[in-house]
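I have placed the structure first, in the form of structure tokens, so that the comments after it can refer back to it.
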Amino acid sequence: MSMPKDPAENLAALIRCPSVTPAEGGALSAVETLLKPLGFTVERPTFSEDGTPDIENLYARLSGNGPHLMFAGHTDVVPVGDEAAWTQPPFSAAIHNGEMYGRGAVDMKGGIACFVAALARYVEKHGNPKGSVSLLITGDEEGPAVNGTIKLLDWAAGKGEQWDAAIVGEPTNPDKLGDMIKIGRRGSISGIVTVQGRQGHVAYPHLADNPVRGLMTLVDALTNPAFDKGTKDFQPTNLEITSIDVGNPAANVIAAKATAAFNIRFNDTWTAETLQAEIHNRLDVASGRKKYRKGRKEPIEFDITWRDRPSHVFLTRDDKLIETLSGSVHAVTGAKPALSASGGTSDARFIKDYCPVVEFGLVGKTMHMVDERVPLADLETLTEIYGRFIQDWFERG
Ligand SMILES: [Zn+2]
């Protein structure tokens with residue numbers, strides 16, 4: 001069995017598996033095949049839940065005496081979109097002008113390919129690390145994320161697994177390798193406010209109660225004032241109204257109800273709970289206080305429902321992990337990476353409950369797009385960065 005030292009070969013094997021969520025597509029088998037020559041023990045639990053597709057996952061461990069490093073990621077990919085618009089077939093791993101094309105090239109089969117190559121090179125040169133390495137790979141990151149990382153962590157922890165640090169290989173760099181390490185993520189909550197009115201004729205408004213007026217008052221209270229100014233590590237908390245719906249096609253009717261949907265991305269001056277309390281308070285005050293219509297005495301009749309599970313905010317404070325990774329990036333690229341908590345959520349939000357976690361991977365420019373692709377030079381550079389990190393992290397003990 002040959003050692004999986006070439007990140008481009010590793011990546012080609014992964015891209016050729018059409019693993020669009022929830023399909024395994026052969027991608028986890030390909031990871032298992034890559035890891036076997038390194039001596040990993042590989043397990044592939046499938047998780048289920050009513051109303052969601054069954055998902056296969058992979059947990060691989062190389063045991064040693066010392067600290068335990070986890071590499072986390074996903075082999076599932078988003079759909080290819082308009083396949084005819086691709087200049088190279090999306091599951092071909094074709095190379096053109098020094099770039100490898102394929103869905104998942106940067107998000108994030110490329111990260112997995114580089115980490116495995118880095119480990120293979122390390123083991124060939126130094127033997128096994130002075131500690132344990134595990135790969136926690138899900139097939140459910142781009143989908144509902146119900147039968148993936150969250151259950152895989154719980155399953156592994158239930159068998160006694162403990163980790164000292166984790167690195168997630170998502171594409172974190174906006175423009176070039178070395179730009180950015182993610183050390184945290186904002187939280188996210190979504191809700192819908194519904195205002196009840198009374199339907200009627202527009203010519204006889206005193207007989208009706210237009211819910212749109214009340215909704216405007218409540219939307220204003222949701223968006224003003226600003227929630228905070230941001231912190232050293234985080235952008236300001238931001239609420240966006242994502243939809244306003246009345247569903248009234250008639251020009252001469254006052255509708256019976258109106259709704260506004262919103263999402264909030266929040267920093268660590270809030271928790272999901274304190275922010276929900278703030279929203280309830282703003283709506284309670286605004287609904288009883290402001291009157292758009294003369295003589296209106298009764299408060300605006302509304303209710304609010306919270307959608308989905310909240311994503312919790314987190315910030316990693318592990319100097320060994322952050323400094324070692326920053327140092328590795330700097331040593332290989334010459335760049336000083338920004339330590340950022342910007343952008344969307346990722347599976348790091350689940351991992352942070354088990355151990356300190358940071359994210360670093362390829363350049364994200366083409367992720368989820370037609371012609372997703374990665375320069376072969378970037379694969380080599382990321383492999384060097386991961387290799388240096390593995391060496392330095394275990395050496396620091
Ligand atoms: Zn991803």
Side-chain angles (χ1 to χ4, degrees), residues 7 10-11 13-25 27-28 30-31 52-53 55-59 70-81 90-91 93 100-116 135-153 166-175 177 179-186 188 265 311 314 316 325 340-352 357-375 378-379 382 385-386:
N10 296 350
L11 179 55
L14 295 174
I15 285 178
R16 289 187 187 121
C17 304
S19 51
V20 177
T21 329
E24 186 269 332
L28 294 178
V31 173
T52 60
I55 301 283
E56 193 175 354
N57 300 273
L58 181 147
Y59 184 72
M70 177 207 299
F71 176 86
H74 62 92
T75 50
D76 62 321
V77 295
V78 297
V80 300
F91 299 111
M100 184 177 288
Y101 284 66
R103 177 57 83 224
V106 295
D107 184 11
M108 59 154 279
K109 289 174 171 176
I112 296 172
C114 291
F115 187 83
V116 172
L135 277 83
L136 188 127
I137 308 291
T138 176
D140 190 25
E141 200 273 340
E142 305 285 10
V146 168
N147 295 314
T149 297
I150 196 166
K151 287 188 179 167
L152 193 53
L153 285 162
I167 178 163
V168 177
E170 291 281 4
T172 51
N173 298 283
D175 285 310
L177 262 181
D179 281 343
M180 188 178 283
I181 295 172
K182 300 241 171 160
I183 58 164
R185 292 281 185 161
R186 289 179 295 172
S188 171
R265 295 297 161 111
S311 291
F314 75 94
T316 297
L325 184 55
S340 168
S342 63
T345 64
S346 82
D347 277 357
R349 71 189 193 271
F350 305 128
I351 298 169
K352 66 111 171 46
V357 55
V358 293
E359 298 173 67
F360 186 76
L362 289 163
V363 175
K365 259 187 218 164
T366 61
M367 60 183 174
H368 295 207
M369 288 184 181
V370 160
D371 276 347
E372 182 174 347
R373 61 195 182 275
V374 60
D378 279 10
L379 293 176
L382 183 60
I385 291 170
Y386 282 158

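When a ligand or atom number is given, it counts from 1 through the structure's own listing order. The basis for the numbers below is simple: all heavy atoms, side chains too, and nothing from hydrogens, waters or symmetry mates.
Between Glu359 and Arg185 there is a salt bridge, with a side-chain nitrogen of the basic residue lying less than 4.0 Å from a carboxylate oxygen of the acidic one.
Among heteroatoms of the N, O or S kind in His74, NE2 lies nearest the Zn ion (ligand 1). In terms of distance to the Zn ion (ligand 1), the nearest N, O or S atom of Asp107 is named OD1.
Counting backbone and side-chain atoms alike, Glu141 contributes no N/O/S atom closer than 2.8 Å to the Zn ion (ligand 1). Checking Glu170 against the Zn ion (ligand 1), an N/O/S atom falls under the 2.8 Å cut-off.
Across every non-hydrogen atom of Val363 and Leu177, the tightest pair is CG2-N, 3.5 Å.
Side-chain atoms of Asn173 come within 3.5 Å of backbone N or O of Gly361 as a donor-acceptor pair.
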Worked check of side chain to side chain donor-acceptor pair (under 3.5 Å) between Thr366 and Arg373:
CA-CA 7 Å; Thr366 61; Arg373 61 195 182 275; 5.4 Å; no
